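First up is the structure itself, then whatever we jot down about it.
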Number of protein chains: 2
Amino acid sequence: MAGVRTRRSAGRPSQRVLTQENITAAALEVITSRGYEGFTMSSLAARLQVAPSALYNHASSKAEVLRWIQDHLMAEVDTACFAELDWPDAVRTWARSYREVFARHTPLIAVIAVLQVSGAPRTLAMYEAVTEGFLRAGWNQARIIPAIVALESFIFGSAFDAVAPTDIFDTGSLASESPLFTAAVAAAPGRESGKAAEQAFETGLDALIHGFAGTPSGN
Amino acid sequence: MAGVRTRRSAGRPSQRVLTQENITAAALEVITSRGYEGFTMSSLAARLQVAPSALYNHASSKAEVLRWIQDHLMAEVDTACFAELDWPDAVRTWARSYREVFARHTPLIAVIAVLQVSGAPRTLAMYEAVTEGFLRAGWNQARIIPAIVALESFIFGSAFDAVAPTDIFDTGSLASESPLFTAAVAAAPGRESGKAAEQAFETGLDALIHGFAGTPSGN
DNA sequence: ACCTGAACACCGTTCAAGT
DNA sequence: ACCTGAACACCGTTCAAGT
(Lines give C-alpha, C1' and ligand atoms only; values in the text may rest on other atoms or scores of the structure.)
Protein backbone atom coordinates (compact mmCIF):
# COMPACT_ATOMS: atom_id res chain seq x y z
CA MET A 1 0.00 0.00 0.00
CA ALA A 2 0.93 3.65 0.09
CA GLY A 3 3.39 5.07 2.59
CA VAL A 4 2.42 5.01 6.24
CA ARG A 5 1.03 8.27 7.41
CA THR A 6 1.18 9.62 10.90
CA ARG A 7 -2.35 10.11 12.01
CA ARG A 8 -3.51 13.14 13.94
CA SER A 9 -1.17 15.95 14.85
CA ALA A 10 1.98 13.84 14.88
CA GLY A 11 3.46 15.56 17.96
CA ARG A 12 1.98 14.95 21.42
CA PRO A 13 -0.28 11.93 21.57
CA SER A 14 -3.78 13.09 20.72
CA GLN A 15 -5.59 13.34 24.02
CA ARG A 16 -8.67 11.13 23.75
CA VAL A 17 -11.24 12.25 26.21
CA LEU A 18 -13.90 9.59 26.11
CA THR A 19 -11.84 6.59 27.14
CA GLN A 20 -13.23 3.98 29.51
CA GLU A 21 -10.96 5.28 32.27
CA ASN A 22 -11.99 8.89 31.80
CA ILE A 23 -15.67 8.04 31.65
CA THR A 24 -15.37 5.92 34.78
CA ALA A 25 -13.50 8.65 36.65
CA ALA A 26 -16.04 11.27 35.61
CA ALA A 27 -18.88 8.96 36.62
CA LEU A 28 -17.37 8.52 40.08
CA GLU A 29 -17.06 12.28 40.43
CA VAL A 30 -20.72 12.75 39.56
CA ILE A 31 -21.75 9.98 41.95
CA THR A 32 -19.61 11.40 44.74
CA SER A 33 -21.05 14.87 44.39
CA ARG A 34 -24.64 14.13 43.43
CA GLY A 35 -25.30 10.52 44.40
CA TYR A 36 -26.75 7.76 42.27
CA GLU A 37 -30.07 9.62 41.83
CA GLY A 38 -28.08 12.45 40.25
CA PHE A 39 -26.04 10.12 38.09
CA THR A 40 -27.59 10.21 34.64
CA MET A 41 -26.12 9.91 31.18
CA SER A 42 -26.85 13.61 30.91
CA SER A 43 -24.98 14.59 34.07
CA LEU A 44 -22.11 12.33 33.08
CA ALA A 45 -21.92 13.90 29.63
CA ALA A 46 -22.07 17.38 31.14
CA ARG A 47 -19.08 16.65 33.34
CA LEU A 48 -17.17 15.39 30.31
CA GLN A 49 -18.38 18.39 28.32
CA VAL A 50 -19.87 16.38 25.51
CA ALA A 51 -23.40 15.70 24.33
CA PRO A 52 -25.11 12.71 25.99
CA SER A 53 -25.27 10.90 22.70
CA ALA A 54 -21.49 11.05 22.37
CA LEU A 55 -21.20 8.58 25.25
CA TYR A 56 -22.82 5.91 23.13
CA ASN A 57 -19.82 5.82 20.84
CA HIS A 58 -17.85 4.38 23.77
CA ALA A 59 -20.29 2.66 26.11
CA SER A 60 -23.17 0.56 24.90
CA SER A 61 -25.44 1.58 27.75
CA LYS A 62 -25.62 3.13 31.18
CA ALA A 63 -25.44 -0.40 32.59
CA GLU A 64 -22.04 -0.82 30.95
CA VAL A 65 -20.78 2.34 32.62
CA LEU A 66 -22.00 0.95 35.94
CA ARG A 67 -20.07 -2.25 35.27
CA TRP A 68 -16.93 -0.21 34.60
CA ILE A 69 -17.40 1.59 37.90
CA GLN A 70 -17.94 -1.67 39.74
CA ASP A 71 -14.78 -3.23 38.39
CA HIS A 72 -12.83 -0.05 39.03
CA LEU A 73 -13.89 0.00 42.68
CA MET A 74 -12.93 -3.63 43.17
CA ALA A 75 -9.27 -2.59 43.00
CA GLU A 76 -9.82 -0.58 46.18
CA VAL A 77 -10.68 -3.72 48.15
CA ASP A 78 -7.75 -4.75 50.34
CA THR A 79 -6.33 -8.14 49.37
CA ALA A 80 -2.75 -7.44 50.41
CA CYS A 81 -3.84 -8.53 53.89
CA PHE A 82 -3.80 -12.16 52.78
CA ALA A 83 -0.03 -11.96 52.34
CA GLU A 84 0.49 -10.22 55.65
CA LEU A 85 -1.91 -11.67 58.21
CA ASP A 86 -3.10 -15.08 59.30
CA TRP A 87 -6.32 -16.32 57.75
CA PRO A 88 -8.88 -15.04 60.30
CA ASP A 89 -7.39 -11.56 60.44
CA ALA A 90 -6.87 -11.43 56.70
CA VAL A 91 -10.51 -12.35 56.06
CA ARG A 92 -11.60 -9.76 58.58
CA THR A 93 -9.53 -7.05 56.93
CA TRP A 94 -10.63 -8.00 53.44
CA ALA A 95 -14.30 -8.18 54.42
CA ARG A 96 -14.21 -4.82 56.20
CA SER A 97 -12.65 -3.02 53.26
CA TYR A 98 -14.99 -4.77 50.79
CA ARG A 99 -18.02 -3.67 52.80
CA GLU A 100 -16.68 -0.17 53.22
CA VAL A 101 -16.15 0.32 49.50
CA PHE A 102 -19.60 -0.88 48.47
CA ALA A 103 -21.56 0.67 51.32
CA ARG A 104 -20.98 3.91 49.43
CA HIS A 105 -22.14 2.21 46.22
CA THR A 106 -25.07 -0.04 47.14
CA PRO A 107 -26.78 0.50 43.77
CA LEU A 108 -23.84 -1.38 42.25
CA ILE A 109 -24.51 -4.50 44.27
CA ALA A 110 -27.32 -5.54 41.95
CA VAL A 111 -24.79 -5.07 39.13
CA ILE A 112 -22.03 -7.13 40.75
CA ALA A 113 -24.29 -10.04 41.57
CA VAL A 114 -25.02 -10.48 37.89
CA LEU A 115 -21.65 -9.54 36.48
CA GLN A 116 -19.57 -12.04 34.55
CA VAL A 117 -16.04 -12.00 35.97
CA SER A 118 -14.65 -12.55 32.48
CA GLY A 119 -15.53 -8.94 31.68
CA ALA A 120 -14.21 -7.57 34.95
CA PRO A 121 -10.45 -7.98 35.24
CA ARG A 122 -10.03 -6.28 38.60
CA THR A 123 -12.90 -8.24 40.09
CA LEU A 124 -11.24 -11.39 38.87
CA ALA A 125 -7.89 -10.28 40.32
CA MET A 126 -9.60 -9.78 43.67
CA TYR A 127 -11.01 -13.30 43.60
CA GLU A 128 -7.64 -14.72 42.58
CA ALA A 129 -5.91 -13.05 45.53
CA VAL A 130 -8.55 -14.22 47.99
CA THR A 131 -8.43 -17.76 46.63
CA GLU A 132 -4.67 -17.74 47.00
CA GLY A 133 -5.05 -16.62 50.61
CA PHE A 134 -7.47 -19.44 51.37
CA LEU A 135 -5.20 -22.02 49.75
CA ARG A 136 -2.19 -20.75 51.67
CA ALA A 137 -4.20 -21.19 54.86
CA GLY A 138 -4.67 -24.85 53.96
CA TRP A 139 -8.20 -24.76 52.62
CA ASN A 140 -9.46 -27.62 50.51
CA GLN A 141 -9.85 -26.30 46.98
CA ALA A 142 -13.44 -27.52 46.65
CA ARG A 143 -14.67 -25.63 49.69
CA ILE A 144 -13.23 -22.24 48.83
CA ILE A 145 -15.83 -20.89 46.42
CA PRO A 146 -18.88 -21.59 48.61
CA ALA A 147 -17.07 -19.91 51.50
CA ILE A 148 -16.14 -16.84 49.46
CA VAL A 149 -19.64 -16.56 48.05
CA ALA A 150 -21.15 -16.86 51.53
CA LEU A 151 -18.82 -14.19 52.88
CA GLU A 152 -19.57 -11.99 49.91
CA SER A 153 -23.32 -12.37 50.41
CA PHE A 154 -22.90 -11.31 54.01
CA ILE A 155 -20.72 -8.37 52.97
CA PHE A 156 -23.23 -7.13 50.37
CA GLY A 157 -26.14 -7.41 52.77
CA SER A 158 -24.12 -5.62 55.42
CA ALA A 159 -23.29 -2.84 52.98
CA PHE A 160 -27.01 -2.07 52.68
CA ASP A 161 -27.34 -2.18 56.43
CA ALA A 162 -24.38 0.15 56.87
CA VAL A 163 -26.12 2.99 55.07
CA ALA A 164 -29.59 2.42 56.48
CA PRO A 165 -31.08 5.05 58.76
CA THR A 166 -30.21 4.32 62.38
CA ASP A 167 -33.83 4.48 63.49
CA ILE A 168 -35.31 1.75 61.29
CA PHE A 169 -36.00 -0.40 64.37
CA ASP A 170 -37.92 2.25 66.26
CA THR A 171 -41.26 0.54 66.78
CA GLY A 172 -43.10 3.81 67.51
CA SER A 173 -46.81 3.41 68.16
CA LEU A 174 -46.61 -0.33 67.52
CA ALA A 175 -44.22 -0.91 70.44
CA SER A 176 -46.94 -2.52 72.55
CA GLU A 177 -47.59 -5.08 69.84
CA SER A 178 -43.95 -6.13 69.72
CA PRO A 179 -42.74 -5.97 73.32
CA LEU A 180 -39.97 -8.54 73.01
CA PHE A 181 -38.49 -7.03 69.89
CA THR A 182 -38.81 -3.50 71.26
CA ALA A 183 -36.97 -4.53 74.43
CA ALA A 184 -34.27 -6.33 72.47
CA VAL A 185 -33.72 -3.24 70.30
CA ALA A 186 -33.42 -1.07 73.42
CA ALA A 187 -30.89 -3.50 74.91
CA ALA A 188 -28.76 -3.87 71.79
CA PRO A 189 -25.20 -2.52 71.95
CA GLY A 190 -24.16 0.34 69.69
CA ARG A 191 -27.57 1.88 70.05
CA GLU A 192 -27.62 5.71 70.10
CA SER A 193 -23.90 5.68 69.34
CA GLY A 194 -24.91 4.89 65.77
CA LYS A 195 -22.66 1.86 65.73
CA ALA A 196 -25.37 -0.79 65.67
CA ALA A 197 -24.59 -1.71 62.07
CA GLU A 198 -20.90 -2.12 62.87
CA GLN A 199 -21.79 -4.32 65.85
CA ALA A 200 -23.97 -6.55 63.70
CA PHE A 201 -21.30 -6.74 61.00
CA GLU A 202 -18.54 -7.70 63.41
CA THR A 203 -20.82 -10.19 65.13
CA GLY A 204 -21.69 -11.91 61.88
CA LEU A 205 -18.16 -11.78 60.58
CA ASP A 206 -16.86 -13.41 63.75
CA ALA A 207 -19.54 -16.09 63.56
CA LEU A 208 -18.72 -16.85 59.92
CA ILE A 209 -14.98 -17.02 60.55
CA HIS A 210 -15.36 -19.20 63.63
CA GLY A 211 -18.07 -21.23 61.96
CA PHE A 212 -15.85 -21.99 58.97
CA ALA A 213 -13.00 -22.96 61.24
CA GLY A 214 -15.19 -25.24 63.33
CA THR A 215 -16.87 -26.85 60.37
CA PRO A 216 -17.09 -30.71 60.34
CA SER A 217 -14.01 -31.70 58.38
CA GLY A 218 -11.98 -28.63 59.20
CA ASN A 219 -11.40 -26.15 56.40
CA MET B 1 -76.56 20.16 61.24
CA ALA B 2 -79.18 18.54 59.03
CA GLY B 3 -80.21 14.90 59.40
CA VAL B 4 -77.68 12.20 58.80
CA ARG B 5 -77.75 10.80 55.31
CA THR B 6 -76.74 7.36 54.28
CA ARG B 7 -73.80 7.74 51.98
CA ARG B 8 -73.52 5.82 48.74
CA SER B 9 -76.12 3.30 47.68
CA ALA B 10 -77.12 2.30 51.19
CA GLY B 11 -77.42 -1.44 50.40
CA ARG B 12 -74.31 -3.56 49.78
CA PRO B 13 -71.11 -1.97 51.03
CA SER B 14 -69.73 0.15 48.24
CA GLN B 15 -66.87 -1.86 46.77
CA ARG B 16 -63.81 0.33 46.97
CA VAL B 17 -61.31 -0.70 44.40
CA LEU B 18 -58.20 1.29 45.17
CA THR B 19 -57.52 0.07 48.68
CA GLN B 20 -53.98 -0.60 49.85
CA GLU B 21 -54.66 -4.34 49.73
CA ASN B 22 -56.05 -4.25 46.20
CA ILE B 23 -53.24 -2.08 44.93
CA THR B 24 -50.67 -4.37 46.55
CA ALA B 25 -52.29 -7.48 45.09
CA ALA B 26 -52.46 -5.93 41.63
CA ALA B 27 -48.83 -4.83 41.91
CA LEU B 28 -47.75 -8.36 42.74
CA GLU B 29 -49.68 -9.66 39.74
CA VAL B 30 -47.92 -7.19 37.47
CA ILE B 31 -44.53 -8.05 38.96
CA THR B 32 -45.17 -11.78 38.65
CA SER B 33 -46.16 -11.55 35.02
CA ARG B 34 -43.88 -8.77 33.78
CA GLY B 35 -41.11 -8.44 36.33
CA TYR B 36 -39.87 -5.32 38.06
CA GLU B 37 -38.83 -3.70 34.76
CA GLY B 38 -42.43 -4.02 33.64
CA PHE B 39 -43.81 -2.72 36.90
CA THR B 40 -44.68 0.94 36.35
CA MET B 41 -47.39 3.15 37.75
CA SER B 42 -48.91 2.90 34.29
CA SER B 43 -48.95 -0.90 34.17
CA LEU B 44 -50.28 -1.00 37.72
CA ALA B 45 -53.07 1.43 36.86
CA ALA B 46 -53.92 -0.53 33.72
CA ARG B 47 -54.38 -3.72 35.73
CA LEU B 48 -56.66 -1.86 38.13
CA GLN B 49 -58.44 -0.27 35.17
CA VAL B 50 -57.93 3.29 36.32
CA ALA B 51 -55.85 6.18 35.09
CA PRO B 52 -52.29 6.33 36.49
CA SER B 53 -53.06 9.59 38.24
CA ALA B 54 -55.86 7.91 40.22
CA LEU B 55 -53.25 5.93 42.12
CA TYR B 56 -51.95 9.11 43.70
CA ASN B 57 -55.17 9.53 45.64
CA HIS B 58 -54.18 6.41 47.60
CA ALA B 59 -50.42 6.08 47.46
CA SER B 60 -48.07 9.01 47.78
CA SER B 61 -45.50 7.54 45.40
CA LYS B 62 -44.31 4.41 43.66
CA ALA B 63 -41.89 3.96 46.56
CA GLU B 64 -44.84 3.70 48.93
CA VAL B 65 -46.38 0.96 46.82
CA LEU B 66 -43.07 -0.88 46.96
CA ARG B 67 -43.10 -0.57 50.76
CA TRP B 68 -46.61 -2.06 50.82
CA ILE B 69 -45.43 -4.97 48.74
CA GLN B 70 -42.42 -5.52 50.96
CA ASP B 71 -44.49 -5.63 54.11
CA HIS B 72 -47.07 -7.85 52.46
CA LEU B 73 -44.39 -10.38 51.47
CA MET B 74 -42.94 -10.44 54.97
CA ALA B 75 -46.02 -12.37 56.11
CA GLU B 76 -44.93 -15.20 53.80
CA VAL B 77 -41.73 -15.71 55.75
CA ASP B 78 -41.97 -18.78 57.98
CA THR B 79 -41.76 -17.93 61.67
CA ALA B 80 -43.95 -20.76 62.93
CA CYS B 81 -40.78 -22.87 62.89
CA PHE B 82 -39.58 -21.14 66.05
CA ALA B 83 -42.44 -22.72 67.96
CA GLU B 84 -41.88 -26.14 66.46
CA LEU B 85 -38.16 -26.74 66.11
CA ASP B 86 -35.04 -26.28 68.21
CA TRP B 87 -33.10 -23.08 67.64
CA PRO B 88 -30.64 -24.22 64.94
CA ASP B 89 -33.31 -25.86 62.80
CA ALA B 90 -35.76 -23.03 63.38
CA VAL B 91 -33.19 -20.45 62.24
CA ARG B 92 -32.40 -22.59 59.23
CA THR B 93 -36.06 -22.87 58.24
CA TRP B 94 -36.74 -19.18 58.82
CA ALA B 95 -33.65 -18.13 56.87
CA ARG B 96 -34.44 -20.41 53.94
CA SER B 97 -37.98 -19.14 53.57
CA TYR B 98 -36.87 -15.53 54.03
CA ARG B 99 -34.29 -15.90 51.26
CA GLU B 100 -36.74 -17.73 49.02
CA VAL B 101 -39.35 -15.00 49.27
CA PHE B 102 -36.98 -12.14 48.51
CA ALA B 103 -34.90 -13.88 45.88
CA ARG B 104 -37.95 -13.30 43.68
CA HIS B 105 -38.04 -9.67 44.77
CA THR B 106 -34.44 -8.46 44.98
CA PRO B 107 -35.39 -4.92 43.94
CA LEU B 108 -37.24 -4.70 47.25
CA ILE B 109 -34.11 -5.34 49.29
CA ALA B 110 -32.97 -1.76 48.88
CA VAL B 111 -36.43 -0.79 50.14
CA ILE B 112 -36.37 -3.08 53.19
CA ALA B 113 -32.94 -1.96 54.30
CA VAL B 114 -34.23 1.58 54.65
CA LEU B 115 -37.75 0.84 55.83
CA GLN B 116 -38.94 1.97 59.23
CA VAL B 117 -40.55 -1.00 60.99
CA SER B 118 -43.09 1.35 62.55
CA GLY B 119 -44.75 1.64 59.15
CA ALA B 120 -44.54 -2.06 58.37
CA PRO B 121 -46.72 -4.11 60.74
CA ARG B 122 -46.03 -7.49 59.20
CA THR B 123 -42.32 -6.86 59.14
CA LEU B 124 -42.51 -5.96 62.80
CA ALA B 125 -44.54 -9.10 63.54
CA MET B 126 -41.84 -11.16 61.85
CA TYR B 127 -39.13 -9.60 64.02
CA GLU B 128 -41.24 -10.12 67.13
CA ALA B 129 -41.67 -13.82 66.38
CA VAL B 130 -37.96 -14.28 65.68
CA THR B 131 -36.98 -12.42 68.83
CA GLU B 132 -39.32 -14.64 70.83
CA GLY B 133 -37.68 -17.69 69.32
CA PHE B 134 -34.22 -16.47 70.28
CA LEU B 135 -35.32 -15.68 73.83
CA ARG B 136 -36.95 -19.08 74.20
CA ALA B 137 -33.66 -20.64 73.15
CA GLY B 138 -31.97 -18.82 76.01
CA TRP B 139 -30.36 -15.95 74.18
CA ASN B 140 -29.22 -12.92 76.08
CA GLN B 141 -31.52 -10.07 75.14
CA ALA B 142 -28.69 -7.70 74.26
CA ARG B 143 -27.16 -10.05 71.70
CA ILE B 144 -30.31 -10.82 69.73
CA ILE B 145 -30.55 -7.80 67.46
CA PRO B 146 -26.96 -7.93 66.15
CA ALA B 147 -27.45 -11.63 65.43
CA ILE B 148 -30.73 -11.10 63.60
CA VAL B 149 -29.27 -8.22 61.60
CA ALA B 150 -26.22 -10.30 60.68
CA LEU B 151 -28.41 -13.20 59.58
CA GLU B 152 -30.62 -10.84 57.63
CA SER B 153 -27.64 -9.28 55.87
CA PHE B 154 -26.50 -12.74 54.86
CA ILE B 155 -30.01 -13.64 53.68
CA PHE B 156 -30.35 -10.49 51.56
CA GLY B 157 -26.96 -10.96 49.97
CA SER B 158 -27.78 -14.60 49.31
CA ALA B 159 -31.07 -13.60 47.69
CA PHE B 160 -29.10 -11.67 45.05
CA ASP B 161 -26.80 -14.61 44.60
CA ALA B 162 -29.74 -16.98 44.22
CA VAL B 163 -30.97 -15.24 41.09
CA ALA B 164 -27.57 -14.54 39.54
CA PRO B 165 -26.65 -16.29 36.30
CA THR B 166 -24.90 -19.57 37.00
CA ASP B 167 -21.95 -18.71 34.80
CA ILE B 168 -20.77 -15.51 36.50
CA PHE B 169 -17.57 -17.24 37.60
CA ASP B 170 -16.58 -18.46 34.15
CA THR B 171 -13.20 -16.84 33.71
CA GLY B 172 -13.19 -17.24 29.93
CA SER B 173 -10.15 -15.81 28.18
CA LEU B 174 -8.76 -14.56 31.47
CA ALA B 175 -8.48 -18.04 32.95
CA SER B 176 -4.70 -18.08 32.61
CA GLU B 177 -4.44 -14.91 34.66
CA SER B 178 -6.41 -16.40 37.52
CA PRO B 179 -5.34 -20.06 37.68
CA LEU B 180 -6.10 -20.61 41.37
CA PHE B 181 -9.57 -19.10 41.22
CA THR B 182 -10.37 -20.89 37.97
CA ALA B 183 -9.37 -24.22 39.49
CA ALA B 184 -11.36 -23.53 42.65
CA VAL B 185 -14.44 -22.71 40.59
CA ALA B 186 -14.04 -25.95 38.65
CA ALA B 187 -13.72 -27.92 41.89
CA ALA B 188 -16.66 -26.30 43.65
CA PRO B 189 -19.65 -28.53 44.44
CA GLY B 190 -23.01 -27.83 42.86
CA ARG B 191 -21.31 -26.76 39.70
CA GLU B 192 -23.15 -27.66 36.47
CA SER B 193 -26.06 -28.86 38.58
CA GLY B 194 -26.93 -25.19 39.07
CA LYS B 195 -26.93 -25.63 42.82
CA ALA B 196 -23.81 -23.60 43.57
CA ALA B 197 -25.83 -20.78 45.12
CA GLU B 198 -27.67 -23.21 47.38
CA GLN B 199 -24.33 -24.75 48.41
CA ALA B 200 -22.93 -21.36 49.33
CA PHE B 201 -26.08 -20.41 51.21
CA GLU B 202 -26.15 -23.58 53.26
CA THR B 203 -22.42 -23.33 53.92
CA GLY B 204 -22.73 -19.78 55.21
CA LEU B 205 -25.89 -20.50 57.16
CA ASP B 206 -24.21 -23.43 58.91
CA ALA B 207 -21.18 -21.31 59.70
CA LEU B 208 -23.30 -18.52 61.16
CA ILE B 209 -25.39 -20.89 63.26
CA HIS B 210 -22.37 -22.78 64.56
CA GLY B 211 -20.45 -19.55 64.94
CA PHE B 212 -23.16 -18.00 67.07
CA ALA B 213 -23.36 -21.11 69.21
CA GLY B 214 -19.61 -21.24 69.72
CA THR B 215 -19.28 -17.55 70.44
CA PRO B 216 -17.25 -16.48 73.53
CA SER B 217 -19.90 -16.20 76.26
CA GLY B 218 -22.34 -18.66 74.71
CA ASN B 219 -25.46 -17.19 73.18
C1' DA C 1 -64.02 11.97 47.79
C1' DC C 2 -62.05 10.40 43.98
C1' DC C 3 -61.41 9.98 38.93
C1' DT C 4 -59.81 11.66 34.15
C1' DG C 5 -56.91 13.82 30.78
C1' DA C 6 -53.47 16.89 29.80
C1' DA C 7 -49.26 18.46 30.97
C1' DC C 8 -44.50 18.72 33.08
C1' DA C 9 -39.94 17.63 33.77
C1' DC C 10 -37.44 14.32 33.23
C1' DC C 11 -35.17 9.52 31.64
C1' DG C 12 -32.01 6.33 28.33
C1' DT C 13 -31.21 5.67 23.70
C1' DT C 14 -31.17 6.20 18.48
C1' DC C 15 -29.89 8.29 14.37
C1' DA C 16 -29.28 11.48 10.48
C1' DA C 17 -26.25 14.98 9.63
C1' DG C 18 -22.10 16.92 10.08
C1' DT C 19 -16.57 17.23 10.51
C1' DA D 1 -13.95 7.93 13.79
C1' DC D 2 -16.55 10.48 16.59
C1' DC D 3 -19.47 14.45 17.77
C1' DT D 4 -24.00 17.25 17.73
C1' DG D 5 -28.88 18.11 17.84
C1' DA D 6 -33.26 16.51 17.24
C1' DA D 7 -36.24 13.04 18.09
C1' DC D 8 -38.43 8.81 20.23
C1' DA D 9 -40.58 6.19 23.56
C1' DC D 10 -40.87 6.15 27.71
C1' DC D 11 -40.86 7.41 33.13
C1' DG D 12 -43.17 9.31 37.82
C1' DT D 13 -45.88 12.91 39.29
C1' DT D 14 -49.01 17.13 39.40
C1' DC D 15 -53.13 19.47 38.76
C1' DA D 16 -57.27 21.65 36.85
C1' DA D 17 -61.54 20.07 35.66
C1' DG D 18 -65.11 17.16 36.26
C1' DT D 19 -68.73 13.95 38.97
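Quick note on labels: first sequence line is chain A, next is B, and so on, each numbered from 1. Both backbone and side-chain heavy atoms feed into the values below; hydrogens, waters and symmetry mates do not. Fair warning: this is a prediction, and the values are worked out from it, not measured in the lab.
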Worksheet item: How many Å lie between OH on B:Y36 and P on D:dC11, as a whole number?
Response: 17 Å
Discussion item. Let's test this: given Watson-Crick or G-U wobble pairing with both distances under 3.5 Å, identify the partner of C:dT4.
Written reply: D:dA16
Worksheet item: A:E37 CD to C:dC11 C1': how many Å, rounded?
Response: 14 Å
Practice prompt. Under 4.0 Å between any heavy atoms, over every strand shown, what does B:S53 touch: base, sugar-phosphate, or nothing? Just pick one.
Written response: base
Item to complete: Grab the CD-P distance between A:Q49 and D:dC2 for me, whole Å please.
Response: 19 Å
Practice prompt. Measure from the side-chain heavy atoms of B:K62 and tell me the nearest of C:dG12, D:dC3, D:dT13.
Written response: D:dT13
Practice prompt. Just name whichever nucleotide pairs with C:dA9, Watson-Crick or G-U, keeping both distances under 3.5 Å, else none.
Written response: none
Worksheet, complete the sentence: Shortest non-hydrogen pair, A:Q141 vs B:A184, comes out as CG-CA, 3.9 Å
Discussion item. Which nucleotide wins on minimum distance to the side chain of A:N57, given the candidates C:dC11, D:dC2, C:dT4?
Written reply: D:dC2
Practice prompt. Round to a whole Å and report the spacing from CG of B:L55 to C1' of D:dC15.
Written response: 16 Å
Worksheet item: Using a distance-only test with no angle check, is there a side-chain donor-acceptor pair under 3.5 angstrom linking A:D167 and B:Q116?
Response: yes
Discussion item. Check the orientation of B:Y36 and B:F39. Use parallel for under 30°, tilted for 30 to 60°, and perpendicular for over 60°.
Written reply: perpendicular
Item to complete: Can you label the angle between the A:F154 ring and the A:F201 ring as parallel, tilted or perpendicular, going by 30° and 60°?
Response: parallel
Worksheet item: Looking at A:V111, A:I112, A:L66, A:I31, which hits side-chain contact (heavy atoms from CB on, under 4.5 Å) with A:H105?
Response: A:I31
Worksheet entry | d(CE, A:M41; C1', D:dC10) in whole Å | 16 Å
Discussion item. Which nucleotide wins on minimum distance to the side chain of B:A54, given the candidates C:dT4, C:dT13, D:dG12?
Written reply: C:dT4
Worksheet entry | Contact under 4.0 Å: B:H58 side-chain N or O vs C:dC3 OP1/OP2 | yes
Worksheet item: Quick one: A:L44 CG to C:dC11 P, roughly how many Å, whole number?
Response: 13 Å
Worksheet, complete the sentence: Per nearest nucleotide of DNA chain C, the residue lying toward the 5' end, B:A51 or A:Y56, is B:A51
